[in-house]
Student: 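Structure provided below as structure tokens; questions to follow.
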Amino acid sequence: MLTITIETARRFILGKQGLWPGRRWRGLAGAEQAMRAMEYLQLDPLQIIARSHDIALYGRVLGYRPGMWEELAYEQRKFFDWGGWLAARPMDELPHWRVVMRRELAQFQRLRDMAREHADAIVEMREIVRERGTVSNRDFAMATRTRTQHYRGRKDSALALYYLWRTGEVMTHHRERFERVYALTEAVAPAQLIRESGDDETDRFLIKKEVGFAGLSRLSRAVDGLYGHERPDLAMATLREALLATGELVAVRVEGWKAPHYALGEDAAVLQELAAGRVPAAWAPLETTTAEEAVFLAPLDQVSARGRAKVLFGFDYVWEVYKPEHLRKYGYYTMPVLWGDRLVARFDSKLDRASGTFVILGLWLEDEALGDDAAFAEALARGFARFVAFLGAARLDAGAIRQPLLRAKISSA
């Protein structure tokens with residue numbers, strides 16, 4: 001079992017996700033590399049300043065533009081989107097996910113209920129997709145459809161298309177204003193990938209995918225997709241031990257963490273290099289480091305979302321977008337600030353599209369002394385300058401920042 005410090009764990013997880021010690025990818029080819037390194041690109045429709053998935057890629061890829069991921073997914077067909085937890089996944093993984101699609105239909109009563117309650121609409125939509133080639137839910141006026149009270153859609157056509165997508169008969173051909181436009185799977189995916197992997201192969205893939213996504217994982221619960229086993233938790237434990245025996249997983253003890261964690265065997269050398277105080281050569285930044293230029297993390301970024309910021313950084317972060325205004329502590333779309341290998345601040349903002357102004361609504365420091373730190377002020381100003389360019393804003397309003405040095409430096413960047 002490898003033993004590492006929390007600092008090494010933090011740097012490993014950040015670096016594996018492409019966020020430390022700086023951006024190491026560039027342009028469209030770099031976006032593909034980043035998406036593969038991230039394992040999943042979680043997709044979210046909310047566009048307050050930009051969508052969370054675009055912000056995630058901005059933090060990893062030099063020259064990234066909003067929507068660039070769609071070219072990789074829907075024009076080059078290198079990725080596909082799918083899942084109740086919506087994410088873009090590498091297209092070459094499709095045979096594994098088709099096994100999960102089959103398992104979900106057998107496991108989830110709500111999908112079988114949808115099939116039963118909207119059987120006629122499913123048959124109808126299947127034929128319409130086959131006839132037209134591409135179909136969107138917007139193609140069907142509400143007045144012509146049966147109204148539903150379902151969180152997946154208000155029309156039977158929406159639920160029927162969703163069912164066909166979720167079970168693998170259709171895929172997302174492209175998106176219009178983020179809404180899926182569907183086509184038959186054979187019109188989207190390469191023919192050699194429209195098949196199912198073996199169940200054992202899929203199980204091993206799912207566990208390694210989970211560990212790769214987390215960087216370090218406790219594997220304390222059954223991984224999503226291990227359906228069909230009488231005891232999914234026992235099946236996962238058995239597979240975990242088998243993967244440890246073959247070296248495909250390694251056990252890791254993080255000082256200060258009670259439970260053992262697991263990493264991919266292929267990452268053992270990286271962990272040892274980081275533990276020795278070295279940065280892997282493959283992680284060398286193309287331009288600035290995160291110490292020289294702060295990076296802003298997307299609300300749904302894997303390294304900080306869902307309570308992980310507290311564990312890794314001692315940074316208490318909650319995305320407050322779904323909280324009522326009077327219950328928010330910071331703001332509607334607050335984002336963490338990464339400086340070096342630590343989360344040191346957060347800010348709330350908005351994009352005034354009419355005037356082209358990016359407005360900082362508030363900035364909160366974990367340590368107030370940073371307000372007088374010249375190196376941090378320079379790094380933060382560089383970060384905001386790049387972020388404003390990424391958003392396509394013409395100007396920045398930093399008037400709400402309380403710290404004079406930070407406000408002045410950011411305003412002049």
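Only this structure's heavy atoms are used, side chains among them; waters, hydrogens and symmetry mates stay out. Residues take their numbers from the sequence shown, with the count starting at 1.
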Student: Is Glu378 salt-bridged to Lys409, going by a charged N under 4.0 Å from an acidic O?
Tutor: yes
Student: Side chains of Ser52 and Ile55: does their closest heavy-atom pair fall under 4.5 Å?
Tutor: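 They are not in side-chain contact.
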Student: Do side-chain atoms of Arg24 reach the backbone of Gly15 as a donor and acceptor pair under 3.5 angstrom?
Tutor: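 Yes; judged by distance alone, with no hydrogens or angles, the pair exists.
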Student: To the nearest 0.5 Å, what is the distance between CZ (Phe79) and CE (Met91)?
Tutor: 10.0 Å
Student: Quick one: are Glu196 and Pro95 in side-chain contact, heavy atoms under 4.5 Å?
Tutor: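 A side-chain contact under 4.5 Å is absent here.
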Student: So, does Thr357 use its side chain to make a donor-acceptor pair with the main chain of Val359 at under 3.5 Å?
Tutor: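 Absent.
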Student: Are Phe296 and Phe384, when compared by the centres of their aromatic rings, separated by less than 6.0 Å?
Tutor: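 Yes.
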Student: Side chains of Arg154 and Gln149: is there a donor and an acceptor less than 3.5 Å apart?
Tutor: no
Student: Quick check: do Phe358 and Asp397 have side-chain heavy atoms less than 4.5 Å from each other?
Tutor: no
Student: Looking only at non-hydrogen atoms, find the nearest pair between His173 and Arg77 and report the distance.
Tutor: O-NH1, 2.8 Å
Student: Does this structure show an ion pair linking Asp113 with Arg110, if we count only N-O contacts that are shorter than 4.0 Å?
Tutor: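 A salt bridge is absent here (no side-chain N lies under 4.0 Å from a carboxylate O).
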Student: Under 3.5 Å, is there a donor-acceptor pair between the side chain of Arg26 and the main chain of Val61?
Tutor: no
Student: Sub-3.5 Å donor-acceptor pair from the side chain of Asp54 to the main-chain atoms of Arg51, do we have one?
Tutor: no
Student: Answer with yes or no after comparing the ring centroid distance for Trp364 and Phe347 against a 6.0 Å cut-off, counting only values under it.
Tutor: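 Aromatic pair excluded; centres sit 6.0 Å or further apart.
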Student: Is a side-chain donor or acceptor of Arg328 paired with a backbone partner of Lys323 at a separation under 3.5 angstrom?
Tutor: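 The answer is yes, because a donor-acceptor pair under 3.5 Å joins these two groups.
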Student: Assess, by modelled atom type and distance only, whether the side chains of Gln33 and Arg36 contain a donor and an acceptor separated by less than 3.5 Å.
Tutor: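 Absent: no donor and acceptor within the cut-off.
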Student: With a 6.0 Å cut-off on the ring centroids, do Tyr40 and His53 count as close?
Tutor: no
Student: Under a 3.5 Å distance rule, please check whether Thr185 uses its side chain to pair with a backbone N or O of Glu169 as donor and acceptor.
Tutor: yes
Student: What distance separates Ile4 CD1 from Leu274 CG, expressed to the nearest 0.5 Å?
Tutor: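 Spacing of CD1 (Ile4) from CG (Leu274) equals 8.5 Å.
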Student: Distance from Leu239 atom CG to Leu226 atom CG, nearest 0.5 Å?
Tutor: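 Rounded to the nearest 0.5 Å, the CG-CG separation comes to 7.0 Å.
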Student: For the aromatic rings, using the six-membered ring if either is Trp, is the centroid distance between Trp97 and Phe205 under 6.0 Å?
Tutor: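 Between Trp97 and Phe205, the centre distance is under 6.0 Å.
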Student: Counting only N and O atoms by type, is there a donor-acceptor contact under 3.5 Å from the side chain of Thr334 to the main-chain atoms of Tyr330?
Tutor: no
Student: Evaluate salt bridge (charged side-chain N to carboxylate O under 4.0 Å, His left out) for Lys209 paired with Glu39, printing each intermediate quantity in order.
Tutor: CA-CA 7 Å; Lys209 184 79 171 175; Glu39 298 288 357; 3.0 Å; yes
Student: Just checking, any donor-acceptor pair under 3.5 angstrom between side chains of Thr290 and Asp341?
Tutor: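 No, because no side-chain N or O of Thr290 sits under 3.5 Å from a partner of the opposite role on Asp341.
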Student: I'd like to know if the side chain of His96 pairs up with that of Ser197 as donor and acceptor (distance under 3.5 Å, no hydrogens or angles considered).
Tutor: yes
Student: Given Tyr162, which of His118, His150, Arg152 fulfils the side-chain hydrogen bond (donor to acceptor under 3.5 Å, both in side chains) condition?
Tutor: Arg152
Student: Under the salt bridge (Lys or Arg N to Asp or Glu O under 4.0 Å) definition, can you give me all pairs with a residue in residues 248-259, not counting sequence neighbours?
Tutor: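 Every pair satisfying salt bridge (Lys or Arg N to Asp or Glu O under 4.0 Å) with a residue in residues 248-259: Arg204-Glu248, Lys208-Glu248.
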Student: Is any side-chain heavy atom of Glu320 closer than 4.5 Å to one of Tyr333?
Tutor: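 When only atoms from C-beta onward are counted, Glu320 and Tyr333 do not touch, as no gap falls below 4.5 Å.
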Student: Between the side chains of Lys16 and Asp267, is the shortest nitrogen-to-carboxylate-oxygen separation below 4.0 Å, so that they form an ion pair?
Tutor: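 So Asp267 pairs with Lys16 through a salt bridge.
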Student: Report, as yes or no, whether the 6.0 Å neighbourhood of atom CG on Asp92 holds more than 12 heavy atoms from other residues, nucleotides or ligands.
Tutor: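 Buried by this count: over 12 neighbours within 6.0 Å.
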Student: Are any non-hydrogen side-chain atoms of Asp199 and Arg102 less than 4.5 angstrom apart?
Tutor: yes
Student: Where do Val170 and Leu161 come nearest, in terms of heavy atoms and distance?
Tutor: CG2-O, 4.1 Å
Student: Is the distance between the ring centroids of Trp339 and Phe376 less than 6.0 Å?
Tutor: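 Ring-ring flag for Trp339/Phe376: true, centres closer than 6.0 Å.
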Student: Using a strict cut-off of less than 4.0 Å between a Lys/Arg side-chain nitrogen and an Asp/Glu carboxylate oxygen, indicate whether Arg138 and Glu176 qualify as a salt bridge.
Tutor: no
Student: Nearest heavy-atom pair of Asn137 and Ser157: which atoms, and what distance?
Tutor: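 Looking at all heavy atoms of both residues, the shortest contact is OD1-OG, 3.2 Å.
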Student: Pick one: which of Trp25, Trp69, Tyr64, Phe387 meets ring-ring contact (aromatic ring centres under 6.0 Å, His included) with Tyr58?
Tutor: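 It is Phe387; the other options fail the test.
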Student: Should we say atom CD of Glu325 is surrounded by more than 12 heavy atoms from elsewhere, each under 6.0 Å from it?
Tutor: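 Counting neighbours around CD of Glu325, 12 or fewer heavy atoms of other residues, nucleotides or ligands fall under 6.0 Å, so no.
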Student: About how many Å separate OG of Ser411 and CG of Leu396, when rounded to the nearest 0.5 Å?
Tutor: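 With rounding to 0.5 Å, CG (Leu396) is 6.5 Å from OG (Ser411).
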Student: Kindly give the heavy-atom pair with the smallest separation between Phe315 and Leu343, and that separation in Å.
Tutor: CD1-O, 3.5 Å
Student: Counting only heavy atoms from other residues, nucleotides and ligands, does the tally under 6.0 Å from CZ of Arg116 exceed 12?
Tutor: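 Check passes, neighbour count above 12.
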Student: To the nearest 0.5 angstrom, please state how far the CG atom of Leu297 sits from the CG atom of Leu338.
Tutor: 5.5 Å
Student: Taking the inter-plane angle between the rings of Trp82 and Trp165 on a 0 to 90° scale, is it parallel (under 30°), tilted (30 to 60°) or perpendicular (over 60°)?
Tutor: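 Rings of Trp82 and Trp165: tilted, 30 to 60°.
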Student: Would you indicate whether the side-chain heavy atoms of Thr3 and Val252 approach each other to under 4.5 Å?
Tutor: no
Student: With a 4.0 Å cut-off, would you call Arg346 and Glu366 a salt bridge?
Tutor: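 Yes, this pair counts.
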Student: Is the closest basic N to carboxylate O distance between Arg175 and Asp81 below 4.0 Å?
Tutor: yes
Student: From Arg11 CZ over to Leu19 CG, what is the distance, rounded to the nearest 0.5 angstrom?
Tutor: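 Here the interatomic distance stands at 14.5 Å.
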Student: Tell me, do Glu179 and Ser136 make a side-chain contact under 4.5 Å, heavy atoms counted?
Tutor: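 The answer is yes, as the side chains (C-beta and beyond) meet within the 4.5 Å cut-off.
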Student: Check this for me: does any side-chain nitrogen of one of Asp203 and Arg103 sit under 4.0 Å from a carboxylate oxygen of the other?
Tutor: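 A salt bridge is present here (some side-chain N lies under 4.0 Å from a carboxylate O).
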Student: Quick one: does any side-chain atom of Ser217 pair with a main-chain N or O of Ala214 as donor and acceptor, under 3.5 Å?
Tutor: no
Student: Run the numbers on Gln17 and Arg60 for side chain to side chain contact (heavy atoms under 4.5 Å, CB included), then give the verdict.
Tutor: CA-CA 8 Å; Gln17 279 283 318; Arg60 293 162 168 84; 3.0 Å; yes
Student: Mind listing the closest non-hydrogen atom pair of Ser304 and Pro336 along with its distance?
Tutor: OG-CG, 4.3 Å
Student: Does any N or O in the side chain of Arg386 come within less than 3.5 Å of the main-chain N or O of Arg382, such that one atom is a donor and the other an acceptor?
Tutor: no
Student: Is the backbone N or O of Ile49 less than 3.5 Å from a side-chain atom of Lys350, with the two atoms forming a donor-acceptor pair by type?
Tutor: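 No: the side chain of Lys350 does not pair with the backbone of Ile49.
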Student: Say whether Arg218 and Tyr262, considering side chains only, have a donor N or O and an acceptor N or O under 3.5 Å apart.
Tutor: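 On atom types as modelled, these side chains do not qualify, holding no pair under 3.5 Å.
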Student: If I compare all heavy atoms of Leu216 with all of Val254, which pair ends up nearest, and what's the gap?
Tutor: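 Smallest interatomic distance, heavy atoms only, reads CD1-CG2, 4.1 Å.
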Student: Please lay out, stage by stage, how Phe12 and Glu273 fare under the test side chain to side chain contact (heavy atoms under 4.5 Å, CB included).
Tutor: CA-CA 10 Å; Phe12 171 67; Glu273 196 164 5; over 6 Å; no
Student: Do the side chains of Val344 and Leu365 get nearer than 4.5 Å, heavy atoms only?
Tutor: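 When only atoms from C-beta onward are counted, Val344 and Leu365 do not touch, as no gap falls below 4.5 Å.
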